[in-house]
Amino acid sequence: MTVSDISQRPKFFAQDNVYLPHIVVIEKIIEETPGVRTFHFNFKDKKLAQEFRFESGQFAQYSVFGVGEAPFCISSSPTRPDHLEFAAQRVGRLTNALHRLGVGAELGFRGPYGNSFPLDFLKGKNLVFVGGGIGLAPLRSLIWNVIDNRNKYNKVDIVYGARTPIDLCFQYDLEAWDKDKTVNIVTTVDRGDDAWKGKVGLVPKVLEEAAPSAKDSVAIVCGPPIMIRFTFPVLEKLGFKPAQMLTTLEKRMKCGIGKCGRCNIGNIYVCRDGPVFSYEQIKDFVSSEY
Amino acid sequence: MNKKVSKKDIAQLLKTWSQQFNVLAPSRDSGVAAMAEWDGKDTSFLDWYRNTVVPPKASFLPPMEAMFRFRKDEEGYQIEPPAKNGQKQLLFGIRPCDARAMAILDMTFEDAYKDPYYLEKRKKAVLVGLGCTNPCESCFCTSMGTSPTDPTNVDLMLIDIGDHFFIEEVTAKGKELIAKTSGLKEATKNDEAEAEKARETAYNKVSRKLDTEGIKDNLLESFDDEDFWEKVAAKCISCGICTLLCPTCYCFDINDELVKGEGTRFRSWDSCGFSLYTKMPMENPRQEKWRRVRQKVCHKYEFYPMAFDVIACTGCGRCIRLCPVNWDITQVIESVPARVKGAK
């Protein structure tokens, strides 16, 4: 996607300082899998809660005070603004601290940062969502956005997978989309269990079998890097051009605004110029360190 | 008409400026040469000073800086930004290479989202340059768009003309400061000729040269040449000193510290030379040393020119002087294969 004009992005600075966080309160915690939790939260400042705007695909920096800050995408849809959501897998120091918090706990929040999924470009197209594990988090923001504006888009296909049935995130979404006649969803796991009735197989393979048409379509892919790398060639085989494939990237970030240096891929800062990119852009990056 | 100041009157001059500014001057009090608060009398740096080890960026992007404090009370978390430091800094003796580095840093901190901590200090500051008379063997400023007496990025430039410094008034800020400073002498035609001679002499003393023509395109072409980067990185020990003490490096880390319920979020210098810099819980895009060395070289000579049309190196030579294993950026740049004809 084109690097959207940063000056046009919504900005909500606390005390006029881009590095100061707003205070948000955790309202609900959903145990998605043994290692992944979704946090529903709202701004403590009621006026800000009313005014806050973001777009699907954008992320924020979340603080656990005393431990630090980390970036997570906003996983809820801007079409459902009564609260915000993000999901975090317990993998490091910050996410471990996060998983120890309960409802009512306060977090710091800076954002929204980054670019977003290009809704104008997606309008009228067939959409193919390809997700793996917690990679569904940024996609579900867009999927609900699309469902809430269903007449603006054409066919919607979702291919989602996880390692095992208990690793499937957002199962309440998967069920809702399964019931939704306007959405076609395939769920798969790498390894099934006795109770599993769905597909077994890696996401790229299941995508190849589902074989969505590339005509007037855009694929939106997010998951572990290994899944993304194997999904692009499958899409190319299905006739998708690099410009028809979108993804959202993850890097270590500290500032979130293109200053602290570490999230660059060549001359691109994932935090400032991304995180949403087309495969056409990624292909032409100076570095393959994505 | 330009002014001049006698070398023995420098203490008096700094005292005058101290009334209005927090005057910083070269000092070795901390154990390494750095810009430090002037003690009100010592001007011995005029004899020993070639350049500071710690670059003057430290006065604007300190090695460690509190961003805000936080504490929890019955109402929840309270965020308290640091009190704005009302003091205006005057850096006395900044070298032209380092002044150019400040202009290069401004581009990043002004870009897209403005950095309030850096810019607050930077906008209020006055830079008084001191032309070099004795450049180091490792200096190559004349190849990097500046020179030992280049006044471009300072407010005032002082040129050594024997027992006086010739004062070049560069910016409106500099002119205003001189207009308000009493006790300066008028420079004569002869002084001006002396200054010109000093400029030329200093320029010719910079013996190390670096040809950067075509470097951006040639680096791009060599980007995936793993063998080349392995060779370039072979002796690097990833100590990070060439980045931490580089006047144009600005990477930082952000962390929290909690002492008895009182928290501080601070930022501190960080380096792309460290493998933890990019490490995520599940993977690390720059785990291998050659990738990190490539990042350092390419950020300066390729990515920064792509973003801002300027090489983020001013030829100050610190990374050459301070490297514990004699890694030499000029040798690296010269060894980049010239793969692109007519490259820029």
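Residue numbers begin at 1 in each chain, while the letters A, B, ... track the order of the sequences.
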- Examine whether an atom of K72(B) lies under 4.5 Å from a heavy atom of chain A, and if so say whether it belongs to the side chain, the backbone or both; otherwise answer neither. neither
- Message: Quick test of your reading of the model: are K254(A) and D270(B) salt-bridged, counting only N-O distances below 4.0 Å?
- Response: no
- Do you know which two heavy atoms are closest between R286(B) and G261(A), and how far apart they sit? NH2-O, 4.4 Å
- Main-chain N/O of T278(B) paired with R262(A) side-chain donor or acceptor, under 3.5 Å: no
- Query: Just by distance, do the side chain of K259(A) and the backbone of C251(B) share a donor-acceptor pair under 3.5 Å?
  - Reply: no
- Atom group of P21(A) that falls short of 4.5 Å from chain B, counting heavy atoms: both
- Between T108(B), L258(B), I254(B), which shows the greatest number of heavy-atom pairs under 4.5 Å with chain A? I254(B)
- Message: Other residues, nucleotides and ligands only: do more than 12 of their heavy atoms fall within 6.0 Å of CD on Q61(A)?
- Response: yes
- Part of V25(A) lying under 4.5 Å from any heavy atom of chain B: neither
- Under 4.5 Å, counting heavy-atom pairs only, tell me which of D16(A), L20(A), I23(A) racks up the most with chain B. L20(A)
- Task: Check the surroundings of atom CZ in R339(B): do more than 12 heavy atoms from other residues, nucleotides or ligands lie under 6.0 Å from it?
- Result: yes
- Indicate yes or no for a side-chain donor-acceptor contact from D256(B) to the backbone of G66(A) under 3.5 Å, with no hydrogens or angles considered. yes
- Check against side chain to side chain donor-acceptor pair (under 3.5 Å), Y117(B) and N17(A): CA-CA 9 Å; Y117(B) 306 103; N17(A) 179 331; 3.1 Å; yes
- Note on the structure: Scored by heavy-atom pairs under 4.5 Å with chain B, the best of G108(A), C263(A), S63(A) is S63(A)
- Query: Looking at CZ of R252(A) and NZ of K279(B), how far apart are the two atoms once the value is rounded to the nearest 0.5 Å?
  - Reply: 8.0 Å
- Query: How close do K44(A) and G76(B) get, heavy atom to heavy atom, and via which atoms?
  - Reply: NZ-CA, 3.7 Å
- Please determine, by modelled atom types, if N264(A) and Q295(B) share a side-chain donor-acceptor pair under 3.5 angstrom. yes
- Heavy-atom closest contact (E106(A) atom, E75(B) atom, distance): OE2-O, 3.8 Å
- Query: Tell me, side chain or backbone of D115(B) under 4.5 Å from chain A's heavy atoms, or both, or neither?
  - Reply: both
- Which portion of D111(B) sits near chain A, non-hydrogen atoms under 4.5 angstrom: both
- Task: Decide if atom CG of D309(B) counts as having more than 12 heavy atoms of other residues, nucleotides or ligands within a radius under 6.0 Å.
- Result: no
- Within a radius of less than 6.0 Å around CD of Q50(A), do more than 12 heavy atoms belonging to other residues, nucleotides or ligands occur? no
- Do the non-hydrogen side-chain atoms of C260(A) and Y250(B) ever get within less than 4.5 Å of each other? no
- Message: Please give me the minimum heavy-atom distance between F303(B) and G266(A), naming the atom from each residue.
- Response: CZ-CA, 3.3 Å
- chain A shares the most heavy-atom pairs under 4.5 Å, among R265(B), K114(B), M67(B), with R265(B)
- Does F230(A) CZ have over 12 foreign heavy atoms under 6.0 Å away? no
- Message: Which heavy atom of K11(A) sits nearest to which heavy atom of Y113(B), and what is that distance?
- Response: CE-CE2, 3.6 Å
- Contact part of L219(B) toward chain A, heavy-atom cut-off under 4.5 Å: side chain, backbone, both or neither? neither
- Relative to each other, are the rings of F65(A) and Y77(B) parallel, tilted or perpendicular (30° and 60° limits)? tilted
- M282(B) atom CE: more than 12 heavy-atom contacts under 6.0 Å: no
- Message: Is V91(A) close to chain B through its backbone or its side chain, or both, or neither, when contacts mean heavy atoms under 4.5 Å?
- Response: both
